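Worksheet: the structure to be examined is printed underneath.
All figures in this text were calculated on a predicted structure; none of them were measured in a lab.
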Amino acid sequence: IGWGEGRGEGIRKFIWAIITATMDTKLYQLMRGVLGLALGFYFRRIERFHAGRVPTTGPILLTANHPNSVTDPFVIGASLPRKVNFMATVQMFRFAPLKWLLLRCGVIPVNRLKDDPKGMRSVMDTFEAVYRVLERGEAVALFPEGITHDDPQLKEVKTGAARMALELEHRHGGKLGLQIVPVGLTFSAKEIYRSEALANFGQPIRAADFLVDYETQRKECIRKLSAEIEARIQALILHIPDLEQARVIAAVKRLYLERLQVGDQVVENTTTPRANELELTQQISAAVQQIYRTTPEVAQGFTTRLNRYELWLARLRISDTELAQFQNHGVRVRRNLLKTLLGLVLLPLASYGWIFRLPPALVVTWAVHRFANPNVRKAQVSTATIVAGVVAFGFFYALYIAGCHWIFGWPASLWFGLSLPVTGLIAHYYLLSAQKLGSAARTTIILLRAPSAAKRLIAMRRGLVAEIEAAHQGIVAAGKTNA
């Protein structure tokens with residue numbers, strides 16, 4: 001009887017484990033859907049490039065750069081069909097309901113040195129928790145830089161991810177099959193609502209390939225794998241360590257990217273728009289760095305002329321984009337007139353959207369200023385906006401719909417509810433268009449009132465573009481010769 005009771009208890013535990021795992025999976029899928037919806041409202045577009053490189057089964061360790069705080073795991077988790085477990089500071093687990101939700105969604109608590117300097121034992125417990133997840137054949141995402149930051153450059157990659165991967169693979173004699181997938185996250189303007197994001201997935205790295213002489217040269221194996229992870233992530237983003245070169249590369253991109261994109265369309269191109277822009281920007285970066293190395297006097301001369309051009313733009317308080325558009329001001333005036341007429345037609349709809357959008361938008365703005373860390377403000381704006389937006393817009397829109405339903409009844413409240421997010425986006429883009437139209441009108445007035453300055457600026461811009469074109473053609477010709 002005792003044996004039967006023990007077997008019955010084991011069966012009950014087994015069935016309960018299956019039920020719990022199923023519930024956790026469903027909850028994770030629900031939360032991924034909610035976060036995907038929230039990301040879709042904040043970002044105009046999120047591109048997943050080479051997501052097919054991520055194995056659909058087996059243990060994998062995703063290692064990514066960390067430019068955008070908690071938004072980074074949101075983007076990775078929403079980009080992949082399989083469940084991805086993340087690590088988060090233990091401070092997030094101190095609120096019981098949030099702890100329950102995070103654990104159910106596969107978030108692993110980690111004790112950082114600044115959380116508890118005496119808690120090294122819990123650090124080892126964290127490693128063991130990650131090992132258990134990977135041994136189940138699941139995926140874990142890490143950010144080996146260890147910090148989030150405003151700087152788009154990759155910070156030094158710490159050895160924790162490599163050490164974790166090699167130790168676990170070594171425990172299993174190189175037979176576990178753990179793969180490390182590098183991920184490059186790029187944001188067009190992470191602190192700006194309705195900007196764009198790119199999740200760029202690299203080729204997997206087999207951890208077992210770095211186990212040679214691991215028992216006798218453990219530190220060297222960890223160093224080699226960590227360096228490989230760092231190099232792979234750098235190849236998936238725009239990494240420019242030199243700040244002066246970064247400024248020149250940004251300027252060359254503004255002046256010349258559109259021409260490169262037009263030329264790139266001549267050949268068959270299967271990349272997504274943001275991935276294509278990243279590849280072309282990496283080409284610009286490589287070309288600029290090559291010129292700095294091989295002909296520094298040419299680079300210095302270009303930088304001097306670029307500085308003079310940007311100084312003139314700053315004096316007149318206009319942008320390079322506005323100057324480029326002014327060169328075709330006849331076409332631009334006609335286009336702006338059409339936009340003005342369209343704006344008059346859409347004004348009632350935009351006003352309707354802003355009436356209901358303004359209260360939650362003000363709450364979100366307050367939350368960003370209140371909770372975003374000033375030291376890494378850009379990195380935390382999107383996270384604060386997404387979280388506050390879900391709460392504020394959800395609360396106010398529910399309140400509006402409830403009021404409409406109470407006054408007008410069921411069909412009216414349904415259509416009213418459906419109209420809120422649509423007209424809210426229309427109101428947002430209407431305001432942006434109005435601001436651009438006003439800026440364009442101001443630029444046109446300034447340059448028409450100062451024709452000599454306009455001619456000089458246009459000549460300076462054409463000279464810079466001609467220099468870039470000549471350098472580009474020279475690099476292309478050199479490449480063909482070497483081939």
Side-chain angles (χ1 to χ4, degrees), residues 19 22-46 70-71 74-75 77-78 81 95-98 100-102 104-105 192-197 338-372 381-437:
I19 294 173
T22 303
M23 290 174 61
D24 289 352
T25 301
K26 295 297 183 183
L27 182 60
Y28 176 85
Q29 292 173 345
L30 174 63
M31 292 306 300
R32 183 173 62 186
V34 171
L35 290 175
L37 186 63
L39 289 170
F41 274 106
Y42 184 84
F43 293 105
R44 187 169 69 91
R45 179 169 58 215
I46 300 177
V70 182
T71 303
F74 291 173
V75 171
F95 182 53
L98 182 60
W100 178 87
L101 179 63
L102 292 174
R104 297 284 79 75
C105 292
I192 297 178
Y193 178 66
R194 302 306 290 169
S195 54
E196 298 181 356
L338 289 174
K339 287 183 179 179
T340 302
L341 292 174
L342 181 61
L344 292 173
V345 173
L346 293 176
L347 180 59
L349 197 61
S351 300
Y352 168 86
W354 266 112
I355 288 172
F356 299 105
R357 177 184 173 82
L358 188 58
L362 289 175
V363 172
V364 171
T365 302
W366 171 82
V368 169
H369 286 284
R370 174 66 177 80
F371 297 108
V381 164
S382 62
T383 301
T385 302
I386 290 171
V387 175
V390 169
V391 176
F393 278 88
F395 172 77
F396 277 96
Y397 280 11
L399 191 65
Y400 298 153
I401 294 169
C404 180
H405 183 76
W406 181 60
I407 297 171
F408 299 105
W410 163 243
S413 61
L414 172 63
W415 293 110
F416 173 69
L418 293 175
S419 74
L420 289 176
V422 176
T423 55
L425 283 177
I426 291 174
H428 169 75
Y429 283 115
Y430 187 93
L431 181 59
L432 284 183
S433 298
Q435 291 172 340
K436 289 180 180 178
L437 198 61

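Of all non-hydrogen atoms in Cys105 and Met31, the two that sit nearest each other are SG-CG, 3.6 Å. When all heavy atoms are compared, the tightest approach of Tyr193 to His428 is CD2-CE1, 3.2 Å. Closest approach of Gly353 to Ala427, counting heavy atoms only: C-CB, 3.9 Å. The shortest non-hydrogen separation linking Cys404 to Ser413 is SG-CA, 3.7 Å.
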Using the side-chain contact (heavy atoms from CB on, under 4.5 Å) rule, take Ile401 and Leu420 through it: C-alpha gap first, then chi angles, then the decisive distance, then the call. CA-CA 9 Å; Ile401 294 169; Leu420 289 176; 4.1 Å; yes
Could you walk me through whether Leu432 and Arg194 pass the side-chain contact (heavy atoms from CB on, under 4.5 Å) check? CA-CA 11 Å; Leu432 284 183; Arg194 302 306 290 169; 5.8 Å; no
Under the criterion side-chain contact (heavy atoms from CB on, under 4.5 Å), I'd like the reasoning laid out for Tyr430 against Leu347: C-alpha separation, chi angles, the key distance, then a yes or no. CA-CA 8 Å; Tyr430 187 93; Leu347 180 59; 3.4 Å; yes
Let me see the working for Val422 and Leu418 under side-chain contact (heavy atoms from CB on, under 4.5 Å), right down to the final yes or no. CA-CA 7 Å; Val422 176; Leu418 293 175; over 6 Å; no
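Neither side chain, Tyr42 nor Thr71, offers a donor N or O lying under 3.5 Å from an acceptor on the other.
Not one N or O on the side chain of Tyr352 forms a donor-acceptor pair closer than 3.5 Å with the backbone of Thr423.
For Phe43 and Phe74, the distance between ring centers is not under 6.0 angstrom.
A distance of 9.0 Å separates CG in Leu358 from OG1 in Thr365, rounded to the nearest 0.5 Å. Tyr429 contributes atom OH, which lies 14.5 Å from atom CG of Leu346 (distance to the nearest 0.5 angstrom). To the nearest 0.5 Å, atom CG of residue Leu35 and atom CG of residue Leu30 are 9.5 Å apart. The distance from the CG atom of Leu362 to the CZ atom of Arg357 is 10.5 Å, given to the nearest 0.5 Å. Interatomic distance, CG of Leu39 versus CD1 of Ile46, reported as 4.5 Å (0.5 Å rounding). Of the inter-residue distances, the one linking Ile386 atom CD1 with Phe41 atom CZ reads 12.0 Å to the nearest 0.5 angstrom.
Phe393 and Tyr397 have perpendicular rings, their planes meeting at more than 60° on a 0 to 90° scale where under 30° would count as parallel.
The closest side-chain heavy-atom distance from Val381 to Ile192 is not below 4.5 Å. Contact annotation: the side chain of Val387 never approaches that of Phe371 to less than 4.5 Å [non-hydrogen atoms, C-beta and beyond].
In terms of the ring-ring contact (aromatic ring centres under 6.0 Å, His included) criterion, Trp100 has no residue partners (sequence neighbours excluded).
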